[in-house]
Amino acid sequence: MPNFGLRAWVLLWLAACWVGPLRADEAALRIVTLGDSITRGVRPGVTVEQTFASLLQAELQKTGRPVEVINVGIGGERTDGALARLEKDVISKKPALVTVMYGTNDSYVDVDKTEPRLTVEQYRINLKAIIERLRAAKIQPVLMTEPRWGDKARKNGIGEHPNVSLERYVVACREVAKEMKLPLVDHFHEWTWRNISGFDVGTWTTDQCHLNPAGHKVVAAAILKTLRDEKLVGLVSPTQIRAIRADGKHNAFTAFRRFKGKLWLAFRAAKEHNSQDGDIVVLKSVDEGLSWQEAFTLNVVPDDRDPQFLVTDQRLFLYDAGMRGTELTTFLTYTDDGEKWSEPQAVYEPRFIVWKPIEHAGKFYSAAHKKDEASNGKGREVHLIESADGIQWKKISTIRAGSWESETTLFFSDDHVVTAFLRQKYGSPPAAILTSVPPYAEWTSRAPNVNHFSGHSVHTFAGTTYLLSRTMDSARKQAGSMIYTFAGGELTAYCQLPAGGDCAYLEAVRTLDGKQMLVSYYSSHEGKTNIYLANVPLQLVP
């Protein structure tokens with residue numbers, strides 16, 4: 001770098017089933033970050049703890065496995081310098097993985113010079129040599145392009161903005177990654193896209209070149225995404241799991257929200273999964289889930305099931321898919337104070353389950369799916385419905401119909417595009433992603449990069465969108481519970497919860513400190529079908 005039914009209040013203590021951090025692997029994961037002063041990171045305004053190497057270590061430790069990230073960045077270094085010290089500073093440390101990020105110094109044209117410090121071809125040759133030597137030592141290389149310079153960077157020796165020269169080296173780095181079949185973290189692409197979108201990436205730097213703490217977060221988050229996408233690191237582990245209802249009943253299908261400073265959790269309690277005796281039990285907690293009180297029981301018809309919460313500042317809505325034999329009606333009750341609940345009333349159309357209602361742009365939306373078991377799935381359909389008050393709902397469009405449509409969860413992006421994550425109960429494909437733009441009359445469908453949705457919910461916390469769903473290993477006929485991140489239209493496995501058998505139907509609430517999510521779900525992996533609450537660290541967000 002150039003030197004720069006109201007029951008009695010019953011206290012349900014959580015003494016049962018406390019679980020600490022999941023057991024760590026015995027062998028620590030060692031990673032080396034190889035690069036120049038951008039990798040080195042420490043400078044006025046940036047501490048060691050704020051560098052992307054330190055952030056990477058802290059985030060990867062959330063997997064429950066010991067992780068050591070060693071930063072060997074050196075200011076002013078080029079690829080030839082990296083090659084010269086590779087054995088001493090990198091290979092000798094016996095890492096499992098090394099990130100390699102060069103180009104800013106190689107490409108720079110100094111004052112009174114007319115050529116870069118190294119040619120593009122020399123840079124390419126050096127990169128390949130670094131990769132080959134790492135592979136020979138059985139070390140996994142991960143190539144990274146350098147972040148682009150800020151627009152206000154001073155011109156180089158030939159009067160050009162330094163990005164003009166740097167971009168040629170970025171292209172070479174991408175070509176080497178493709179040719180040698182390497183994972184690539186393309187920081188330059190991400191920063192260029194942000195710049196084109198109108199964001200000044202110079203604000204992620206101290207001097208239009210070196211990263212400030214915000215820039216280090218951006219770089220660390222991009223590295224983490226690639227490592228997870230490439231399955232080079234493990235999933236995040238929950239820091240704590242506890243059973244909050246384990247009474248021998250079939251307790252299942254959770255709803256979970258924060259309302260008026262308390263946590264509210266609803267679930268169905270019954271004899272069996274499909275028995276006709278379910279009630280909706282509502283618990284509340286005043287101490288962030290450490291203890292729970294039974295607040296309300298909803299018993300409208302013989303089998304009340306699939307509770308759903310919708311929350312506003314003033315009201316907590318509870319939807320109940322009530323079944324009397326083969327008849328189905330969604331009922332609604334609500335409370336404004338957590339004490340008095342309204343009389344249950346039928347909402348929307350008969351045989352439709354109002355599923356995961358949410359608020360967007362001042363209105364309420366939900367996907368409502370029709371339960372029809374008598375026509376081989378052809379009578380099934382799922383509607384996009386809208387409400388101004390959470391009580392009166394009207395149909396906007398049919399999301400999909402005629403092929404075993406089931407639970408469908410909605411996500412609205414900032415530009416008002418709605419994504420529907422649809423479960424197909426039987427047949428193939430068992431999952432679909434559909435999208436629509438205002439006025440939401442037409443839907444486009446595509447296959448997701450995961451094989452199953454059910455009992456799923458979508459939540460956005462601190463800029464990251466998470467999809468929580470049951471998973472299904474068809475070969476082993478095993479179910480599980482997974483949290484994915486959703487970005488760029490793709491789902492990436494983030495955290496797997498201990499679950500099995502009859503399980504999933506997850507919901508989440510962000511903790512008050514903003515660092516974790518509390519996740520409710522049910523599972524029968526311990527024999528009985530219990531309700532669990534897990535603490536899961538949130539993903540690092542720039």
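Below, each value reflects all heavy atoms present in this structure, side chains not excepted, and no hydrogens, waters or symmetry copies.
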Centroid-centroid under 6.0 Å between [X] and [Y] rings:
| X | Y | result |
| --- | --- | --- |
| Y466 | Y494 | yes |
| Y426 | W404 | yes |
| F412 | Y440 | yes |

[Y] and [X] aromatic ring geometry - parallel, tilted or perpendicular at 30°/60° bounds:
| X | Y | result |
| --- | --- | --- |
| F411 | F486 | perpendicular |
| Y505 | W355 | perpendicular |
| Y334 | F317 | tilted |
| Y348 | F352 | perpendicular |
| W204 | W191 | perpendicular |

What distance separates T409 OG1 from R423 CZ, expressed to the nearest 0.5 Å?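 Reported value, rounded in 0.5 Å steps: 11.0 Å.
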
Point-to-point distance, once rounded to the nearest 0.5 Å, from CZ of F199 to CZ of R194: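 Reported to 0.5 Å precision, the distance equals 7.0 Å.
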
Applying side chain to side chain contact (heavy atoms under 4.5 Å, CB included) to T329 and V301, what does each step give before you reach the verdict? CA-CA 9 Å; T329 303; V301 292; over 6 Å; no

Quickly, which of V509, T511, N535, I483 forms a side chain to side chain contact (heavy atoms under 4.5 Å, CB included) with M517? Name it, please.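 Only one of V509, T511, N535, I483 forms a side chain to side chain contact (heavy atoms under 4.5 Å, CB included) with M517, namely I483.
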
Can you establish whether the number of heavy atoms outside K528 located under 6.0 Å from its atom NZ is more than 12?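 Check fails, neighbour count at 12 or below.
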
Please check if atom NZ in K395 has more than 12 non-hydrogen atoms from other residues, nucleotides or ligands closer than 6.0 Å.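 Yes.
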
Do [X] side-chain atoms and [Y] backbone N/O form a donor-acceptor pair below 3.5 Å?
| X | Y | value |
| --- | --- | --- |
| R258 | R510 | yes |
| R315 | L310 | no |
| T333 | S342 | yes |

Please report the closest heavy-atom contact between P439 and I396, naming both atoms and the distance.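 That closest heavy-atom pairing would be O-CG2, 3.6 Å.
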
Please give me the minimum heavy-atom distance between D200 and N195, naming the atom from each residue.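 Smallest interatomic distance, heavy atoms only, reads CA-OD1, 4.0 Å.
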
Using ring pair (Phe, Tyr, Trp, His ring centres under 6.0 Å), reason through H187 and F52 one step at a time and then give a plain yes or no. CA-CA 13 Å; H187 300 299; F52 74 76; 7.1 Å; no

